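Working notes, structure below.
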Amino acid sequence: MAVRVRIAPSPTGLLHIGTASTALFNWLFARHEGGEFRLRIENTDTSREVAEAVDQIQDSLRWLGLDWDGPVTFQLDRMDDCRRLAEQLVAEGKAYEDEGAIRFRMPDEGVTAWDDVVRGRVEVRNETIEDLVIVRSDGRPTYNFASPLEDVWDGITHVIRGDDHISNTPKQLNIISAVAADVPVYAHVPMIFGMDGKKLSKRHGAQAVEDFRAAGYLPETMMNFLALLGWAPDGETTIMNREELLRRFDLTRVSPSPAQFDYRKLDWMNGVYLRELPPEEFAHRLLLWLGENGYDWPAELVTRTAPLVQEKIAKLSEFPGFAGFFFGDVEPGQADLDGGAPMLAAADEALASLEPFDATAIEAALRDTADRLGLKPRQAFQPIRVAVTGSRVSPGLFESIELLGRETTLSRLRAAAGAAG
RNA sequence: GCCCCCAUCGACUAGCGGUCCAGGUCGCGGCCCUUUCAAGGCUGAAGCACGGGUUCGAAUCCCGUUGGGGGCACCA
């Protein structure tokens, strides 16, 4: 039988990174096995539904590169089918009415067990499982009733979900056997915690996929990083692109223990992917990010400055802070200019009629100037950097000056020389 | 309280009875390179939670303890 899996987020907000993680495992498994990956929206709780959520969830999934098969389905559309089945269960004595609601009769003896792909055999004594409301008094089916039924109706072969669903599993297993259907294989993948070992929440900063996108992480970084949270192909490999991930993914190697989300390692990995990009592609991603985040900077200039920062930033969001001086005026800090007046004046003179005005010539001229003033490169270039870029940290000085052009450079040099006194 | 899950360096993990005085990656320390910041090179510190078993032999298997997490809704 062909593999068919699904993720079933509820439309209560943006796609959470934990949901993205289980979506990834589902997707990797499905694609690796040549099966189907489906998207189902569990919207039976209309009171908590957020209107834009359904679109946002799909946007995030697409951004991550997780494509799904078939149309998006909605749990609410199957309410009637659920209700009919519930009534049938009542007629068969497997469920009963209770204050207007319908409750499922769980077995009182024995155990309910399954062989979990990542955890092995899990057994729960039936006496510890309470009779479950399957249809509310207002007629809407509950999650623990609708979800397993939909898995059956959709022909889901493997239910891959977060381990917070482990305690739901015996309930759902009993419901499935009550309707005499085959049970799918279950795989409960580990949850993701914040760096303090607690469930990932607002307190930890970014938690929705969109947050990471806005923070300037690449989708390929997110995919690689998330895949490694709870799974590893071996003990050596860290950087794996989409194709390699797909080729090597193995559900049975997913770890049962929860993983902490380490933002520092994420930053490192994003830097790796950023540096790996061909220069034109890097510039393209930069432009996309700038556009999505309200920057209206000239594409041509962005493209020309991009190579100067590609090796220096870990997130696209660092670009404005790092290369902003190419796009607007600077305000050098007085203290950072202190004592730099002689070099500033000498640089002004050296660059005023320099030809050609390119990085190589600029470097030669400035080094020569520094020599004549008896300054070490470090002492000589820092005031110039501050004057020209407005910051003590910048892309390569000489390349920056070339791109900035003679006119802007000289005027910034002069303004700073005046300020330095 | 009851039920369930988890347990290797600070973090992510490799390890599935001997090849491990435990390997890789991030982070951290040191050195080198260097116009700043990065990047890069070399290098160092750092771990099998504890206690019992089983076995000739245990990080690996079993039991218990401790610690962490999740669930116990007419939420999903």
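Everything quoted here is computed from the prediction, not taken from an experiment. Each chain gets a letter, A, B and so on, in the order its sequence line appears, and its residues count up from 1.
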(Q) Here's a test of your reading of the structure: between A:Val124 and A:Ser394, which maps to the more 5' nucleotide of RNA chain B? (A)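 Nearest-nucleotide comparison on RNA chain B picks A:Val124.
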Q. Quick one: on RNA chain B, does A:Asp262 or A:Pro395 contact a more 5' nucleotide (nearest heavy atom)?
A.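 The answer here is A:Asp262.
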Classify the nucleic acid contact of [X] as base, sugar-phosphate or nothing, counting any heavy atom under 4.0 Å across all strands shown.
X	value
A:Leu229	sugar-phosphate
A:Ala101	base
A:Phe398	base
A:His188	nothing
A:Gly396	base
A:Glu363	nothing
A:Asp267	nothing

Compare side-chain N and O positions of [X] against OP1 and OP2 of [N] and report whether any pair is under 4.0 Å apart.
X	N	value
A:Arg40	B:rA76	no
A:Arg103	B:rC74	yes
A:Arg48	B:rA76	no
A:Thr44	B:rA76	yes
A:Arg378	B:rU36	yes
A:Arg392	B:rC37	no

Q. Could a donor-acceptor pair under 3.5 angstrom be found where the side chain of A:Lys376 meets the base of B:rU35?
A.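 In this structure, the two groups form no donor-acceptor pair.
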(Q) So, under a plain 3.5 Å distance rule, would you say the side chain of A:Thr128 forms a donor-acceptor pair with the base of B:rC2? (A) no
Taking ring-ring contact (aromatic ring centres under 6.0 Å, His included) as the test, write out the residues that go with [X], two or more places apart.
X	value
A:Tyr273	none
A:Phe225	A:Phe261
A:Phe25	A:Phe249

Candidate nucleotides [options], ranked by approach to the side chain of [X] - the nearest:
X	options	result
A:Arg119	B:rU25, B:rC5, B:rA76	B:rC5
A:Arg275	B:rC6, B:rG40, B:rC4	B:rG40
A:Arg253	B:rC26, B:rU35, B:rG15	B:rG15

In whole angstroms, how far is the [atom2] atom of [N] from the [atom1] atom of [X]?
X	N	atom1	atom2	answer
A:Asn168	B:rA76	CG	C1'	9 Å
A:Asp336	B:rU35	CG	C1'	15 Å
A:Lys265	B:rG10	NZ	P	15 Å
A:Arg125	B:rC2	CZ	P	11 Å
A:Trp268	B:rU25	CH2	P	9 Å
A:Phe261	B:rU25	CZ	P	21 Å
A:Gln260	B:rC9	CD	P	11 Å

Taking [M] as the reference, what is the distance to [N] when you measure between their [atom1] atoms (whole Å, please)?
N	M	atom1	result
B:rU34	B:rA46	C1'	30 Å
B:rG15	B:rA22	C1'	8 Å
B:rA76	B:rU19	C1'	49 Å
B:rC61	B:rG70	P	26 Å
B:rC42	B:rU36	C1'	23 Å
B:rG29	B:rC72	P	44 Å
B:rG47	B:rU65	P	28 Å
B:rG30	B:rA45	C1'	10 Å

Complement of [N], any strand, by Watson-Crick or G-U distances under 3.5 angstrom:
N	value
B:rC42	B:rG30
B:rC2	B:rG71
B:rC37	none
B:rU65	B:rA49

Rounded distance [0.5 Å steps], [atom1] in [X] versus [atom2] in [Y]:
X	Y	atom1	atom2	result
A:Asp151	A:Arg38	CG	CZ	11.5 Å
A:Asn144	A:Asn174	CG	CG	11.5 Å
A:Asn224	A:Met269	CG	CE	4.0 Å

Q. More than 12 non-hydrogen atoms from neighbouring residues, nucleotides or ligands closer than 6.0 Å to CG on A:Asp138, yes or no?
A. yes
Q) Would A:Phe398 and A:Phe381 count as a close aromatic pair, with their ring centres under 6.0 Å? A) yes
**Q.** Partners passing salt bridge (charged side-chain N to carboxylate O under 4.0 Å, His left out) against A:Arg242 (at least two apart in sequence or in another chain)
**A.**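 A:Arg242 satisfies salt bridge (charged side-chain N to carboxylate O under 4.0 Å, His left out) with no other residue.
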Q | A:Asn43, A:Leu39, A:Thr22, A:Leu61 screened by side-chain contact (heavy atoms from CB on, under 4.5 Å) with A:Pro9, the one that passes | A |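 Of the listed options, the one satisfying the test is A:Leu39.
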Q) A:Trp68 versus A:Gln58: any side-chain heavy-atom pair under 4.5 Å? A)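 They are in side-chain contact.
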Q.
So which atom in A:Pro190 and which in A:Asp163 form the shortest heavy-atom distance, rounded to 0.1 Å?
A.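 For A:Pro190 and A:Asp163, the tightest heavy-atom pair comes out as CA-OD2, 3.9 Å.
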Q: Could you list by number each residue of residues 309-328 of chain A showing a heavy-atom separation from RNA chain B of less than 4.0 Å, or answer none if no residue does?
A: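 Those residues are A:Glu311, A:Lys312, A:Phe322.
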**Q.** Positions of residues 276-284 of chain A (non-hydrogen atom under 4.0 Å from RNA chain B), listed by number
**A.** none
Q: Give the ring-plane orientation class for A:Tyr295 versus A:Trp297, where under 30° counts as parallel, over 60° as perpendicular and anything between as tilted.
A: perpendicular
